[in-house]
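Notes follow the structure.
For reference, positions follow the sequence shown, starting with 1.
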Amino acid sequence: MRNISRFTGFIILLALFSSCAEAKAPRTAFVMGTVCTVNLFDRGSDALYDEIFARLASIEATLSANREGTNLAAINAAAGLHPVQAEPDTLIVLGEALSFAQRTDGALDPAIGPLVKAWNIGTDYAAVPTPEELESARNLVDWHSVIIDRVNGTVFLAQPGMKLDLGAIAKGYAADEIVRILQERKIPRAIIDLGGNIIAYGKKAGGKDWIIGVRDPETSTGEPVISIPVRDASVVTSGIYERFFEADGKRYHHILDRRTGYPVDNDLLSVTIITRVSMRADALSTSVFALGPEKGKALVEGLPGTGAIFIFKDRHIETAGDAVPPITLLTDRFTLTR
């Protein structure tokens with residue numbers, strides 16, 4: 001008997017800002033496979049919200065690996081056959097994903113699609129694949145076989161059966177696109193929550209920082225375990241509780257190790273990344289978790305303007321990088337190692 005839990009990212013991080021007199025109703029919609037909320041406070045208008053959510057819908061219509069008719073679906077369908085003309089969004093996001101694949105030795109691999117499909121975690125069809133299914137899928141996960149031709153604007157997957165999946169980075173790109181729109185419209189402040197990919201844009205009225213809570217990874221209530229002050233920053237968490245299912249008493253989460261084919265198994269419950277660019281934060285939260293504490297810290301330490309918060313299974317918390325804000329511990333169940 002399987003118990004399937006579909007915790008989507010919007011409960012991973014909680015923006016703990018108080019409602020203020022200036023605030024108008026934010027807009028929330030289900031897009032890009034998750035619940036997305038944008039709060040523009042006193043500068044919110046139907047026209048601007050329409051523009052923002054139309055942009056999110058267009059990114060989903062290009063980059064979704066789970067919908068027919070998208071640019072990504074066309075590239076996957078042509079694997080081993082021929083190159084496919086790529087949309088600008090595809091070239092940007094895939095290019096960044098391949099850059100992280102190289103930097104992390106494949107800990108983030110945009111060609112992870114066959115493994116994602118083998119597990120189906122987050123769907124009603126989640127199940128433990130057979131060893132044969134895993135081996136077949138693993139043999140198709142190879143970012144080196146993803147070929148971008150920037151002169152002709154095409155993408156080619158060299159092996160038949162390969163599949164791209166940009167779920168580890170696409171929401172970050174979408175959040176950055178919202179920031180671009182807000183900057184063009186000269187909006188002073190906003191909170192953007194794309195299924196747990198948080199951007200605290202600008203600062204609160206009165207010049208104060210936003211306070212963001214990182215959830216307790218051991219509870220299903222979404223209660224925060226720590227809080228941090230941020231401004232003009234993206235805060236993204238990856239953890240074992242986001243999307244998972246249970247089979248025969250064992251939990252299987254969605255962060256997959258391309259080397260073994262199984263969910264990543266290390267000492268971590270979650271990794272939170274703080275940096276200005278959300279696409280980078282999104283990619284790093286997954287790849288740092290997959291790399292594990294030692295290699296993950298080394299990666300973060302080499303990236304200026306980046307911070308990481310590691311929550312361990314033994315309930316202690318560590319940090320790395322030069323952009324970790326002051327942390328307030330909100331429960332005595334965990335300890336903070338300075």
Distance check, rounded to the nearest 0.5 Å: [X] atom [atom1] versus [Y] atom [atom2]?
X	Y	atom1	atom2	answer
Lys313	Ile240	NZ	CD1	5.5 Å
Ile181	Leu48	CD1	CG	7.5 Å
Leu256	Arg138	CG	CZ	12.0 Å
Phe244	His254	CZ	NE2	11.5 Å
Ser64	Leu166	OG	CG	10.0 Å
Asp46	Glu51	CG	CD	13.0 Å

When you measure from the side chain of [X] to the backbone N and O of [Y], does any donor-acceptor pair fall under 3.5 Å?
X	Y	result
Lys295	Ala290	no
Thr154	Arg150	no
Asp50	Ile52	no
Thr319	Ile309	no
Asn76	Leu164	yes
Thr286	Ala283	no

Does some side-chain heavy atom of [Y] sit less than 4.5 Å from a side-chain heavy atom of [X]?
X	Y	answer
Leu115	Leu134	yes
Ile121	Thr123	no
Val155	Leu91	yes
Asp165	Leu72	no
Ile327	Ile226	yes
Met162	Val146	yes
Leu194	Val35	no
Asn197	Ile199	no

Subject >> Heavy-atom neighbours of Asp149 CG exceed 12 at 6.0 Å >> reply: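 Atom CG in Asp149 is packed in, count exceeds 12.
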Original post:
Should we count NZ of Lys208 as having more than 12 external heavy atoms under 6.0 Å?
Top reply: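 Not more than 12 within 6.0 Å, no.
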**OP:** Give the C-alpha distance, both sets of side-chain angles, the deciding distance and a yes or no for side chain to side chain contact (heavy atoms under 4.5 Å, CB included) between Phe41 and Ile191.
**Re:** CA-CA 9 Å; Phe41 300 97; Ile191 288 290; 4.3 Å; yes
Original post:
Which of parallel (below 30°), tilted (30 to 60°) and perpendicular (above 60°) describes Tyr262 and Trp119?
Top reply: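 Plane angle over 60°, so perpendicular.
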Residue pair [X] / [Y]: nearest heavy atoms and the distance that separates them:
X	Y	value
Asp282	Lys171	OD2-N, 3.6 Å
Gly321	Val300	CA-CG1, 3.8 Å
Gln85	Asn71	O-ND2, 3.1 Å
Ala175	Ser278	CB-OG, 3.6 Å
Thr275	Gly305	OG1-O, 2.9 Å
Gln159	Ser145	NE2-OG, 3.5 Å

**OP:** Decide side chain to side chain contact (heavy atoms under 4.5 Å, CB included) for Thr337 and Ile317; before the verdict, give the C-alpha distance in whole Å, the side-chain angles of both, and the deciding distance to 0.1 Å.
**Re:** CA-CA 6 Å; Thr337 302; Ile317 300 170; over 6 Å; no
Original post:
With a distance cut-off below 6.0 Å to the six-membered ring centre and an angular limit of 45° from the axis, does Arg27 pair with Tyr49 as a cation-pi contact?
Top reply: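 No; the conditions do not both hold, so Arg27 does not lie above the ring face of Tyr49.
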Original post:
Under the 4.5 Å side-chain heavy-atom rule for ILVMFWY, direct or indirect, which residues accompany Leu81?
Top reply: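 Taking Ile, Leu, Val, Met, Phe, Trp and Tyr as members, Leu81 stands alone, with no cluster partners.
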**OP:** Quick one: do Asp232 and Lys203 satisfy salt bridge (charged side-chain N to carboxylate O under 4.0 Å, His left out)? Show the steps, please.
**Re:** CA-CA 7 Å; Asp232 285 322; Lys203 51 193 175 183; over 6 Å; no
**OP:** Sort out for me which residue in Thr272, Asp267, Leu268 forms a side-chain contact (heavy atoms from CB on, under 4.5 Å) with Phe310.
**Re:**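 Of the listed residues Thr272, Asp267, Leu268, the side-chain contact (heavy atoms from CB on, under 4.5 Å) partner of Phe310 is Leu268.
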**OP:** Please list all pairs passing the side-chain hydrogen bond (donor to acceptor under 3.5 Å, both in side chains) test where one or both residues lie in residues 93-118, with sequence neighbours left out.
**Re:**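 Sorted pair list: Asn66-Lys117.
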Original post:
Quick one: side-chain hydrogen bond (donor to acceptor under 3.5 Å, both in side chains) pairs with a partner in residues 174-184, sequence neighbours left out?
Top reply: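 Residue pairs passing side-chain hydrogen bond (donor to acceptor under 3.5 Å, both in side chains), neighbours aside: Arg55-Glu177, Glu177-Arg180, Arg180-Glu184.
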**OP:** Start with the C-alpha gap between Leu182 and Ile192, add the side-chain angles, then the distance that decides, and say whether side chain to side chain contact (heavy atoms under 4.5 Å, CB included) holds.
**Re:** CA-CA 11 Å; Leu182 298 184; Ile192 302 162; 4.1 Å; yes
State yes or no: do [X] and [Y] share one hydrophobic cluster built from I, L, V, M, F, W and Y residues joined by side-chain heavy-atom distances below 4.5 Å, directly or via other members?
X	Y	result
Phe156	Leu94	no
Val324	Leu329	yes
Val230	Leu336	yes

Subject >> NZ/NE/NH1/NH2 to OD/OE distance under 4.0 Å, Asp257 and Arg259 >> reply: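 Salt bridge flag = yes for Arg259 with Asp257.
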Original post:
Does the distance from a Lys or Arg side-chain N to an Asp or Glu carboxylate O, for Arg231 and Asp209, drop under 4.0 Å?
Top reply: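 Yes, this pair counts.
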Subject >> Residues Asp216, Arg315; criterion salt bridge (charged side-chain N to carboxylate O under 4.0 Å, His left out); working and verdict >> reply: CA-CA 10 Å; Asp216 185 334; Arg315 295 181 180 171; over 6 Å; no
Original post:
How far apart are the C-alpha atoms of Glu218 and Phe334, what are their side-chain angles, what is the distance that settles it, and do they pass the side chain to side chain contact (heavy atoms under 4.5 Å, CB included) test?
Top reply: CA-CA 11 Å; Glu218 292 186 331; Phe334 290 79; 4.0 Å; yes
